[in-house]
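In what follows, a structure is listed as structure tokens, so that the remarks can point back to it.
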Amino acid sequence: MSLLGGRKDGDSRRSGIVTVLDVGSNKVCCIVAMLKPAADSQLLRARTHQARVIGIGHQKSQGVKSGVVVDLDRAEHAVRLAVDAAERMAGLTVDSLIVNLTAGRLKSQTFSATINLGGHEASAGDIKRVLAAGAKQALRAEREVVHALPVAFSLDAERGVRDPSGMVGETLGVDMHVLTGDAAPLRNLELCINRSHLSVERMVATPYASGLAALVDDELEMGAACIDMGGGTTTISVFADGKFVHADAIPIGGNHVTMDMAKGLSTRLEDAERLKVMHGSALPGSSDDRDLVTIQPIGADETDVPLQVPRSVMTRIIRARIEETLEILRDRLNKSGYGNAVGKRVVLTGGASQLAGLPEAARRILGRNVRIGRPLGVAGLPEAAKGPAFAAAVGLLIYPQVASFEINQLHNISRFRMTGTGGKLHRMSQWLKDSF
């Protein structure tokens, strides 16, 4: 098997059921899917399995703000409802899930480690040792390792080795991308899920999941960025040479646009949200000054006359927040050192990316080609779940297929020192280990 996410022999790949949970600031979505070994495909070559959705449940999120659990009881209630709906539709009971993670001030770092081979062939044990040495450098107090992924191996002075198994050399080195997050938000998210009598199989960073779902193979290889614009947070992931090499997150999302509108127009939050969806745009239009929008002021009763406001007033409020968010992302991307790796390719996902005029605004500010990314290569999704808002949830289904190496080799290193489950092996966990 290729170490960086390749295939096993066909006979060792098995079918199985995987359950994923996307806990966002706006919605909680649970998907139960059947993964079957895939036939060779030219379009999405990295995928080892085909996913068919057999159960889906989504619920308005409660008790979660900017990806952080702020009210355990309400968040637990939303999780229970979403999982229950997915279980009923799939006709089975879920015991453990793969969950996405947005909170905890995600931070990407690159570590290098080398071990001495003494002229021998590199064995699986040697590779395990060098990965452990790389990941251990990232274990800091109050931070948890979310992902520890090999980007490239080196043998002696030769860099860029994809799979060192069986190769001969004096020293084996690895460059690793390690993504860490604050411990407390991670533990609280797991606690919320444990209280629903479920266990967390694996936590996957939202930017990684969204990129896996929305980017095509050529984008992964040549280098691209995926910007996931959610309700409470916006995350960015960078992929190059088929690997996940960088991630970042800012606590600004679509809800902040709604809040700005509610304050600026002095209207209720739900009215502001409706206006944003129906009439909102990140681009000024030629007739904005003439077009009037009807606004219900806060505290008005049925007898009061609604206000008429030019659409240009609303567009200005939206533009200010959207441009600020995109400028922060542009600066973060340039500072990260991966601006060149991304080239001209940016894909927008997440519910807030559906705002009219957003791709054009992103093209102008980021100075790159921008497209809206929808979840690719998953069968059985209902029509309502085929949009960019569901990219992270679908990416969680793809994660075990492309991250086989991380699951097999790094399970012991990056397993969370968490409350509740303590790393107990469940049926799904065993299947993930056996099948990938």
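Values below: every heavy atom of this structure, side chains too, minus hydrogens, waters and symmetry copies.
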How long is the straight-line distance from [atom2] of [Y] back to [atom1] of [X], given to the nearest 0.5 Å?
{"X": "Ser210", "Y": "Asp22", "atom1": "OG", "atom2": "CG", "answer": "8.0 Å"}
{"X": "Met229", "Y": "Ile236", "atom1": "CE", "atom2": "CD1", "answer": "10.0 Å"}
{"X": "Ile17", "Y": "Ile54", "atom1": "CD1", "atom2": "CD1", "answer": "3.5 Å"}
{"X": "Met261", "Y": "His256", "atom1": "CE", "atom2": "NE2", "answer": "15.0 Å"}
{"X": "Ser281", "Y": "Arg319", "atom1": "OG", "atom2": "CZ", "answer": "9.5 Å"}
{"X": "Arg105", "Y": "Ile250", "atom1": "CZ", "atom2": "CD1", "answer": "15.0 Å"}

Just by modelled atom types, is the [Y] backbone N or O under 3.5 Å from a matching donor or acceptor in the [X] side chain?
{"X": "Ser199", "Y": "Asp95", "value": "yes"}
{"X": "Thr180", "Y": "Val145", "value": "no"}
{"X": "Arg330", "Y": "Leu366", "value": "no"}
{"X": "Asp71", "Y": "Arg74", "value": "yes"}
{"X": "Ser66", "Y": "Gly232", "value": "yes"}
{"X": "Ser108", "Y": "Ala247", "value": "yes"}
{"X": "Thr258", "Y": "Gly254", "value": "yes"}

Task: Exercise: do Thr294 and Gln308 side chains pair donor with acceptor under 3.5 Å - done: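 Side-chain D/A pair, Thr294 to Gln308: present.
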
- [ ] Please determine, by modelled atom types, if Ser61 and Asn26 share a side-chain donor-acceptor pair under 3.5 angstrom.
- [x]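 Note: Ser61 and Asn26 side chains miss the donor-acceptor criterion.
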
How close do [X] and [Y] get, heavy atom to heavy atom, and via which atoms?
{"X": "Ser25", "Y": "Gly67", "value": "OG-N, 3.1 Å"}
{"X": "Val347", "Y": "Ile372", "value": "CG1-C, 4.4 Å"}
{"X": "Leu72", "Y": "Asn188", "value": "CD2-O, 3.9 Å"}
{"X": "Met203", "Y": "Leu186", "value": "CE-O, 3.5 Å"}
{"X": "Val28", "Y": "Ala78", "value": "CG2-CB, 4.1 Å"}
{"X": "Val342", "Y": "Leu333", "value": "CG2-CD1, 4.0 Å"}

Open item on the list: If you count every heavy atom of other residues, nucleotides or ligands that lies below 6.0 Å from Asp331 atom CG, does the total exceed 12?
Closed with: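 Enclosed: over 12 neighbouring heavy atoms sit under 6.0 Å from CG of Asp331.
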
TODO: Could you list the residues that satisfy ring pair (Phe, Tyr, Trp, His ring centres under 6.0 Å) with Phe390, not counting sequence neighbours?
DONE: His58

Open item on the list: Using side chain to side chain contact (heavy atoms under 4.5 Å, CB included), reason through His147 and Arg202 one step at a time and then give a plain yes or no.
Closed with: CA-CA 10 Å; His147 294 291; Arg202 192 78 178 79; 4.2 Å; yes

Can we say [X] and [Y] salt-bridge, meaning some charged N sits less than 4.0 Å from an Asp/Glu carboxylate O?
{"X": "Glu190", "Y": "Arg187", "answer": "no"}
{"X": "Asp73", "Y": "Arg195", "answer": "yes"}
{"X": "Lys276", "Y": "Glu273", "answer": "yes"}

TODO: Could you walk me through whether Cys192 and Val79 pass side chain to side chain contact (heavy atoms under 4.5 Å, CB included), step by step?
DONE: CA-CA 8 Å; Cys192 164; Val79 167; 4.1 Å; yes

- [ ] Any pair with a residue in residues 347-384 that passes ring pair (Phe, Tyr, Trp, His ring centres under 6.0 Å), sequence neighbours left out, goes on the list, sorted by first then second residue, please.
- [x] none

Could you tell me whether the side chain of [Y] reaches within less than 4.5 Å of the side chain of [X], counting heavy atoms only?
{"X": "Met176", "Y": "Val151", "value": "no"}
{"X": "Arg159", "Y": "Asp175", "value": "yes"}
{"X": "Thr19", "Y": "Ile98", "value": "no"}
{"X": "Val309", "Y": "Leu292", "value": "no"}
{"X": "Leu198", "Y": "Val83", "value": "yes"}
{"X": "His49", "Y": "Lys36", "value": "no"}
{"X": "Arg332", "Y": "Lys335", "value": "no"}
{"X": "Leu149", "Y": "Lys243", "value": "no"}

TODO: Please assess Phe239 against Tyr338 for the test side chain to side chain contact (heavy atoms under 4.5 Å, CB included), listing each intermediate value before the final yes or no.
DONE: CA-CA 9 Å; Phe239 289 77; Tyr338 288 99; over 6 Å; no

Task: Pairwise side-chain hydrogen bond (donor to acceptor under 3.5 Å, both in side chains) hits with a residue in residues 344-373, at least two apart - done: Glu219-Arg371, Asp228-Thr349, Glu323-Arg364

Open item on the list: As a quick check of understanding, evaluate side-chain hydrogen bond (donor to acceptor under 3.5 Å, both in side chains) for Ser312 and Asp289, giving each step before the final call.
Closed with: CA-CA 5 Å; Ser312 56; Asp289 285 326; 2.7 Å; yes

- [ ] Might you work through the side chain to side chain contact (heavy atoms under 4.5 Å, CB included) test for Asp288 and Met314, ending with a clear yes or no?
- [x] CA-CA 9 Å; Asp288 278 5; Met314 195 172 76; over 6 Å; no

